[in-house]
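Protein chains get the first letters and strands the later ones, always in sequence-line order, with residue 1 at the start of each. All values below come from the heavy atoms of this structure, side chains included, with hydrogens, waters and symmetry mates left out.
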Number of protein chains: 2
Amino acid sequence: MSSADTCSVESINQEAVKKAKQGLPNEKIILRVSESFKVLGEPTRVKILFSLSKQELCVCDLANLLGATHSATSHQLRVLRNMGWVKFKKTGKMAYYSLTDQHIVNLIDMSIKHAEE
Amino acid sequence: MSSADTCSVESINQEAVKKAKQGLPNEKIILRVSESFKVLGEPTRVKILFSLSKQELCVCDLANLLGATHSATSHQLRVLRNMGWVKFKKTGKMAYYSLTDQHIVNLIDMSIKHAEE
DNA sequence: TTGACATATGAACAATTGTTCATATAATCA
DNA sequence: TGATTATATGAACAATTGTTCATATGTCAA
């Protein structure tokens with residue numbers, strides 16, 4: 001940050017900045033939260049999560065539903081697995097995916113409700 | 001999508017796929033929702049929104065708070081303005097930013113609560 | 001055991017995005 | 001008026017990311 005990026009002392013509301021800084025959740029929480037949002041920032045993944053909230057589906061079903069390749073679908077499922085948001089059970093050749101819990105879909109629902117207004 | 005990406009008819013649960021497809025919110029809603037999440041997928045923007053939920057702040061304050069340059073801060077504020085999430089009032093040289101409404105911060109709060117568990 | 005199938009995954013590529021740098025605008029002050 | 005300050009913004013660059021392609025693994029049927 002160059003000196004041109006520092007405000008004159010008078011124009012900074014130091015009190016407010018200090019207060020805001022203290023009020024902020026700690027860095028780790030912020031990073032975790034924005035990481036979650038980033039994962040939700042892809043239509044494909046939102047569709048997967050929404051679909052799985054109604055019923056379990058195999059990779060094949062999901063690819064079909066999304067109009068995506070198996071490979072792309074599998075890659076996206078890995079992202080969701082890494083977040084701990086989906087789990088799967090293997091049955092023969094097939095892998096049936098489902099949600100680990102409902103809270104992510106609650107977030108999506110909340111956002112949909114607002115978007116529909 | 002090549003033919004290698006098509007499942008055999010038997011392995012697709014066509015009934016489930018059809019049901020899931022119908023249950024999905026329409027494409028526009030999905031896109032709008034994931035666009036919102038994408039914008040929330042940056043720690044910097046989450047910090048800005050969270051800070052503004054407590055009090056209005058000028059660009060200078062925000063840059064100071066974030067440890068970012070004025071330019072970077074201003075660019076991020078534009079993104080938030082484009083989403084309609086923040087507004088500002090000009091007072092002399094200064095631009096004081098504030099939230100247009102509370103709903104986005106509610107989403108963030110909800111996510112923070114879960115992240116803290 | 002061989003071939004077909006469902007899924008997983010690394011590498012490469014194209015597209016997107018956040019930051020920086022340079023510059024523009026508008027307001028204040030000397 | 002000319003200098004300084006607060007903010008905005010376009011262009012360029014680096015980093016990140018989603019998809020595709022090629023290939024690997026494990027299962028089932030013949």
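- Counting all heavy atoms, side chain and backbone alike, B:P25 lies closest to B:I30 at O-CG1, 3.6 Å.
- With sequence neighbours left out, B:K89 forms a salt bridge (charged side-chain N to carboxylate O under 4.0 Å, His left out) with B:E56.
- Closest contact between the side chain of A:M94 and the listed nucleotides D:dT19, C:dA6, C:dC21 involves C:dA6.
- Distances were taken from every side-chain heavy atom of B:R45 (C-beta onward) to each of C:dG18, D:dT9, D:dT20; the shortest belongs to C:dG18.
- With rounding to whole Å, B:E42 atom CD is found 5 Å from C:dG18 atom P.
- Of the two residues contacting DNA chain D, namely B:F88 and A:E35, the nearest-nucleotide position lying further toward the 5' end is that of B:F88.
- Distances were taken from every side-chain heavy atom of A:A95 (C-beta onward) to each of D:dT20, D:dT17, C:dA8; the shortest belongs to C:dA8.
- Between A:R78 and C:dG10 there is a side-chain N or O to OP1 or OP2 distance below 4.0 Å.
- Sequence order on DNA chain D of the closest nucleotides to A:Q76 and A:T91 puts A:Q76 first from the 5' end.
- Taking atom CD1 of residue A:I48 and atom P of nucleotide D:dT19, one finds them 9 Å apart after rounding to whole Å.
- With hydrogens and angles ignored, no donor-acceptor pair closer than 3.5 Å exists between the side chain of B:S71 and the base of C:dT19.
- Not a single donor-acceptor contact under 3.5 angstrom links the side-chain atoms of A:S74 to the base of C:dT9.
- No side-chain donor-acceptor contact under 3.5 Å links B:T100 to the backbone of B:K87.
- Of the charged side-chain nitrogens involved, at least one lies within less than 4.0 Å of a carboxylate oxygen, so that B:E27 and A:K47 count as a salt-bridged pair.
- Per the geometry, CG belonging to A:L57 stands 15 Å off P belonging to C:dA6, to the nearest Å.
- OP1 or OP2 of C:dA8 sits under 4.0 Å from a side-chain N or O of A:Y97.
- Counting distance only, with no hydrogens placed and no angle test, the side-chain atoms of B:H70 and the base atoms of C:dT20 include no donor-acceptor pair under 3.5 Å.
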